[in-house]
Chemist: 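Mind having a look at this structure? Questions to follow.
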Amino acid sequence: MASDHDQVFLRILHEEKNIVNFLDIFFGFLYRCTDFYIESNLEQKGLGFSPGMAEKLVLNSMRKWKNASPTLKEIMPNIISNNISESNELTLTQNDENYSCNMPVAQEIEIDSCNEPNTINVPTNVSTQSVKMDNTSDSYNGAIRENYVWTQTLDDLDVLIKIPEHIKTPKQIKVNIGSDEIKIDIKPFGSTKDFKWNNIFDSKLSFKVRKDESVWSIVSGKHISIHLEKTTGRWWEALAVDEPKIELSKIDCIKNFDDMAQEEQMKVQELMWNHQQKLMGKPTSEQIKMEATLKQAWNAKGSPFQGTDYDPSVVKFN
């Protein structure tokens, strides 16, 4: 669960004093330096995200780490005990190959140069090891394979695919995402002008995805991160058709309330309200509807109670 960037974030958090200011700084960076907030359309092809996709990405990342929360108690003492150094200034620039802000959506998204001063202090003890791809959150409801890891919710998929250390920028990669396949080619190390692309991933997906909603980004020299949206809300037994299947009976099948359709949310709210009514000894929504019908029929023509006041004691509710 370790990250090469923890010390950098701790430094910023220390300066901003609290989580609210920290998040404001983070999303302000996305506003100033990227097209994260731009909603793509035909006139701005290749820029930004489709409507609602940016919010989905934020929620997916939040839920991904929320699912890993039981292990936080184990790592918090180590985080707190780390001293933050104030040496080795690192300047982030748009052309720096070691710092990539690229998050292509179908095509590579353009990133503007920051209008604010963009220097931060990075400690000398920041690890340069590759990110381990066996984290619980990285394979949540999915699996760890030889050169990739995948995770899923009912409606989305996230895939981390290993890349060689010499791959630093999106220009060294060709990512082709279809409705039912993913193909990734990379430039060979020390390639000449007439080089041939090397394939590192080529698989048919178990089911179809919405290719126009796909998003991929690169962590230099480590992995490619791909976000996919399923065409149908269902649990996958495997990412690719040729990989071993996972046991769906062992995954967390709980569906987040915010991911439900409006009709489903209303039904859940009704069930919760009815449960609360039963605990208090009060009638449920179905019983209230039934009583309203009985009141209407009580004094109807032909009723044995016609002309008398409605008496609820005569009626018994199960």
Side-chain angles (χ1 to χ4, degrees), residues 18-20 23-24 27 37 39 49-73 136-137 139-142 151-158 206-210 212-213 215 227-237 245-318:
N18 58 59
I19 294 293
V20 175
L23 291 176
D24 185 62
F27 285 102
Y37 291 96
E39 289 192 354
F49 297 88
S50 57
M53 177 55 68
E55 289 86 350
K56 273 191 175 182
L57 292 175
V58 173
L59 284 173
N60 284 337
S61 293
M62 185 187 74
R63 290 167 185 160
K64 168 184 171 181
W65 289 103
K66 184 178 180 181
N67 292 324
S69 60
T71 61
L72 287 179
K73 292 181 180 179
T136 301
S137 61
S139 60
Y140 175 72
N141 280 351
T151 181
Q152 65 174 322
T153 66
L154 188 61
D155 301 304
D156 305 282
L157 295 153
D158 287 285
S206 295
F207 301 97
K208 289 189 175 183
V209 298
R210 303 181 193 278
D212 294 334
E213 303 296 329
V215 180
H227 177 78
L228 304 168
E229 185 174 316
K230 301 174 182 177
T231 56
T232 305
R234 62 177 298 166
W235 296 106
W236 290 23
E237 294 178 304
K245 295 182 178 180
I246 62 173
E247 295 184 44
L248 294 184
S249 60
K250 294 184 178 180
I251 71 172
D252 180 7
C253 295
I254 297 174
K255 187 176 183 179
N256 290 302
F257 182 78
D258 292 337
D259 292 336
M260 297 179 182
Q262 185 175 2
E263 295 79 8
E264 293 176 320
Q265 291 184 2
M266 292 174 64
K267 185 63 178 178
V268 171
Q269 289 173 334
E270 182 183 359
L271 291 171
M272 293 173 64
W273 186 83
N274 286 336
H275 178 69
Q276 190 66 26
Q277 289 290 98
K278 287 182 178 179
L279 292 177
M280 295 186 295
K282 296 181 179 181
T284 63
S285 58
E286 192 64 33
Q287 290 171 336
I288 292 173
K289 290 178 183 178
M290 180 64 71
E291 187 171 16
T293 302
L294 289 172
K295 282 183 178 180
Q296 187 177 6
W298 184 274
N299 203 35
K301 186 177 180 180
S303 169
F305 305 107
Q306 187 176 9
T308 63
D309 293 332
Y310 175 72
D311 183 4
S313 65
V314 178
V315 183
K316 291 184 178 180
F317 294 101
N318 296 324

Chemist: Please find the pair of heavy atoms, one from Lys208 and one from Thr231, that lie closest to each other, and give the distance.
Modeler: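 Heavy-atom minimum between the residues: O-OG1, 3.2 Å.
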Chemist: Distance check, rounded to the nearest 0.5 Å: Trp273 atom CH2 versus Lys282 atom NZ?
Modeler: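 Interatomic distance, Trp273 CH2 to Lys282 NZ, rounded to 0.5 Å: 9.0 Å.
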Chemist: Answer yes or no: does atom CG of Asp309 have more than 12 heavy-atom neighbours from other residues, nucleotides or ligands under 6.0 Å?
Modeler: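 Result for CG/Asp309: open.
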Chemist: If you measure from NE2 on His227 to CG on Leu57, what distance do you get to the nearest 0.5 Å?
Modeler: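 It comes to 5.5 Å.
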Chemist: In sequence, state the C-alpha distance, the side-chain angles, and the governing distance for Glu291 and Ile288, and then conclude on side-chain contact (heavy atoms from CB on, under 4.5 Å).
Modeler: CA-CA 5 Å; Glu291 187 171 16; Ile288 292 173; 5.7 Å; no
Chemist: Going by the rule side chain to side chain donor-acceptor pair (under 3.5 Å), which residues pair with Thr232 if we only count those two or more places apart in sequence or in a different chain?
Modeler: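 Side chain to side chain donor-acceptor pair (under 3.5 Å) check on Thr232 returns nothing, list empty.
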Chemist: Step by step, would you call Leu154 with Trp235 a side-chain contact (heavy atoms from CB on, under 4.5 Å)?
Modeler: CA-CA 6 Å; Leu154 188 61; Trp235 296 106; 3.5 Å; yes
Chemist: Who passes side chain to side chain donor-acceptor pair (under 3.5 Å) against Ser285, sequence neighbours left out?
Modeler: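 Once residues adjacent in sequence are excluded, the partners of Ser285 under the side chain to side chain donor-acceptor pair (under 3.5 Å) criterion are Glu270, Asn274.
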Chemist: Near Gln306 CD, under 6.0 Å, is it more than 12 heavy atoms from other residues, nucleotides or ligands?
Modeler: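 Correct, the count exceeds 12.
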Chemist: Salt bridge between Glu229 and Lys56, side-chain N to carboxylate O under 4.0 Å?
Modeler: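 A salt bridge links Glu229 with Lys56.
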Chemist: Can you name the closest pair of heavy atoms from Lys230 and Asp156 and give their distance?
Modeler: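 Residues Lys230 and Asp156, closest heavy atoms: CE-O, 3.7 Å.
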Chemist: Report the distance from atom CD of Gln277 to atom CD of Glu286, rounding to the nearest 0.5 Å.
Modeler: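 Here the interatomic distance stands at 13.5 Å.
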Chemist: Assign the ring pair Tyr310 / Trp298 to parallel, tilted or perpendicular, where the plane angle (0 to 90°) is split at 30° and 60°.
Modeler: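 Judged by the thresholds at 30° and 60°, the geometry between Tyr310 and Trp298 is perpendicular.
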Chemist: So which heavy atom on Thr151 is nearest to which on Asn141, and how close?
Modeler: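 Result for this residue pair: OG1-N, 4.4 Å.
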Chemist: At what distance, to the nearest 0.5 angstrom, does CD of Gln269 lie from CE of Met266?
Modeler: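 Atom-to-atom, Gln269:CD and Met266:CE are 7.5 Å apart.
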Chemist: Give, for atom NZ of Lys289 and atom OG1 of Thr284, the distance between the pair rounded to the nearest 0.5 Å.
Modeler: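 Reported value, rounded in 0.5 Å steps: 9.5 Å.
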